[in-house]
Amino acid sequence: MEGASELEPFVLLTTPIESNYRSCTIPYRFPSDNPRKATPNEISWIELFGNSIPSFKKRAESDETVTDAKSKAEKFAQRYGEILEDLKKDPESHGGPPDCILLCRLRELVLHEIGFRDIFKKVKDEENAKAISLFEHVVRLIDAIEDSGKRLENLVRGIFAGNIFDLGSAQLAEVFSKDGMSFLASCQNLVARPWVIDDLDIFKLRWSKKSWKKAIIFVDNSGADIILGVLPFARELLRRGTQVVLAANDLPSINDVTYPELIEIISKLKDEQGQLAGVDASNLLIANSGNDLPVIDLTSVSQELNYLASDADLVILEGMGRGIETNLYAQFKCDSIKIGMVKHPEVAQFLGGRLYDCVFKYNEVSVV
């Protein structure tokens with residue numbers, strides 16, 4: 001970890017953490033499985049990560065900040081491929097048995113060892129610029145919806161539509177490289193409700209009767225995801241008097257937005273009065289989560305985030321990596337939302353849903 005201070009368990013996790021918290025949602029193996037033999041689930045997930053190697057290699061080859069990027073990208077593909085094959089033969093190698101956190105961590109380690117720091121930087125910058133130019137238009141469309149429940153549903157649909165911009169998914173990376181993605185078209189083309197986990201109606205009811213003092217939002221991808229999906233929702237919370245803390249990654253990982261990038265995005269979106277399209281943004285804070293992966297283990301967050309989160313009464317984990325593949329069943333001391341789109345067939349199968357299905361999981365903590 002380069003940028004963040006020492007890491008510690010997230011202050012809002014239900015305690016005792018040891019018995020209440022498990023970061024990875026999908027078990028790749030069970031205690032009865034042979035520790036020396038990869039399980040069918042492990043093999044299927046190792047292959048999923050293997051399938052993403054070509055798109056990562058392509059991004060690495062075009063990284064203009066790295067000398068000899070083409071041959072280094074080849075080295076990355078070869079080395080990471082070898083590690084995945086090793087894990088198939090011996091699941092206890094390379095710090096295994098593997099889970100989604102280890103498989104992401106090993107990929108980042110190989111990229112860093114070879115000299116790559118941020119292979120998605122160019123596409124992140126391009127997508128951020130595009131999304132910034134659309135922000136005013138998107139929030140005006142939302143503001144025009146007078147019915148509070150309908151406006152909330154549109155904001156939630158916007159988060160799902162934005163969440164499609166995920167270059168960690170091999171299939172989506174291919175679609176994206178062909179023709180990009182239209183945010184507004186994506187909003188219209190979401191799978192029909194009810195979604196695979198769909199607590200939106202319950203949340204709508206709470207939204208109409210209750211307000212939150214402070215929300216922590218763990219954010220996901222750059223571009224449309226953060227700018228056209230999360231920020232309009234955060235802006236609505238601000239309008240309702242909620243203080244909002246956006247928690248972003250410390251270091252680059254795939255096309256996830258980082259803490260320094262998010263500071264820059266917000267400064268570009270705010271006007272001279274410090275407003276976000278007419279809404280006072282003085283209660284909008286940005287925190288470094290201390291994380292450096294597209295998934296998150298909440299036993300390791302920054303002290304800075306914990307300091308800001310200690311009095312929060314709503315936690316939102318956005319995106320498949322942070323809210324579905326990890327932390328779907330995480331329990332908190334306060335209300336929580338896990339929201340994201342299902343972009344891997346293996347996740348859809350586990351949840352009993354469809355590919356590109358949506359998850360909106362709301363848990364309310366009753367105050368005694």
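Among residues two or more places apart in sequence or in another chain, the ring pair (Phe, Tyr, Trp, His ring centres under 6.0 Å) test is passed with Phe10 by Phe218. Residues meeting the side-chain hydrogen bond (donor to acceptor under 3.5 Å, both in side chains) test with Asp68, sequence neighbours left out: Ser71. Residues passing the ring pair (Phe, Tyr, Trp, His ring centres under 6.0 Å) test with Tyr362, sequence neighbours excluded: Phe203. Applying the side-chain hydrogen bond (donor to acceptor under 3.5 Å, both in side chains) criterion to Asp297, with sequence neighbours excluded, gives Thr299. Annotation: side-chain contact (heavy atoms from CB on, under 4.5 Å) contacts of Pro40 (sequence neighbours excluded): none. By the side-chain hydrogen bond (donor to acceptor under 3.5 Å, both in side chains) test, Ser253 pairs with Glu108, sequence neighbours left out.
Ionic pairing of Glu136 and Arg140 is present here: one or more N-O contacts between side-chain nitrogen and carboxylate oxygen are shorter than 4.0 angstrom. Salt bridge status for Glu113 with Arg79: absent, with no side-chain N to carboxylate O gap under 4.0 Å.
Aromatic ring centres of Phe160 and Tyr356: separated by at least 6.0 Å.
Within the structure, every pair that satisfies the salt bridge (Lys or Arg N to Asp or Glu O under 4.0 Å) test and touches residues 327-339, not counting sequence neighbours, is listed here: Lys210-Asp335. The salt bridge (Lys or Arg N to Asp or Glu O under 4.0 Å) pairs that include a residue from residues 228-249 are Asp143-Arg235, Asp143-Arg239, Arg151-Glu236, Glu236-Arg239, where partners are two or more places apart or lie in different chains. Residue pairs satisfying the ring pair (Phe, Tyr, Trp, His ring centres under 6.0 Å) criterion with at least one member in residues 303-334, sequence neighbours excluded, are absent. Applying the salt bridge (Lys or Arg N to Asp or Glu O under 4.0 Å) definition to pairs two or more places apart or across chains, none involves residues 8-17. The salt bridge (Lys or Arg N to Asp or Glu O under 4.0 Å) analysis of residues 267-288, with sequence neighbours excluded, yields the pairs Glu264-Lys268.
Of the residues Leu314, Asn363, Val315, the one that meets the side chain to side chain contact (heavy atoms under 4.5 Å, CB included) test with Cys334 is Val315.
Looking only at side-chain heavy atoms (C-beta outward), Asp198 and Lys361 stay at 4.5 Å or farther from each other. In this structure, the side chains of Cys100 and Tyr28 come closer than 4.5 Å at one or more pairs of heavy atoms.
Leu152 and Ile145 sit in two unconnected hydrophobic clusters of ILVMFWY residues. Membership requires side-chain heavy atoms under 4.5 Å apart, directly or through other members.
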Original post:
Stepwise, does the salt bridge (Lys or Arg N to Asp or Glu O under 4.0 Å) test hold for Lys121 with Asp125?
Top reply: CA-CA 6 Å; Lys121 181 68 179 157; Asp125 289 346; 3.3 Å; yes
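Its side chain within the 4.5 Å cluster rule, Val295 clusters with Ile101, Leu293 among the Ile, Leu, Val, Met, Phe, Trp and Tyr residues.
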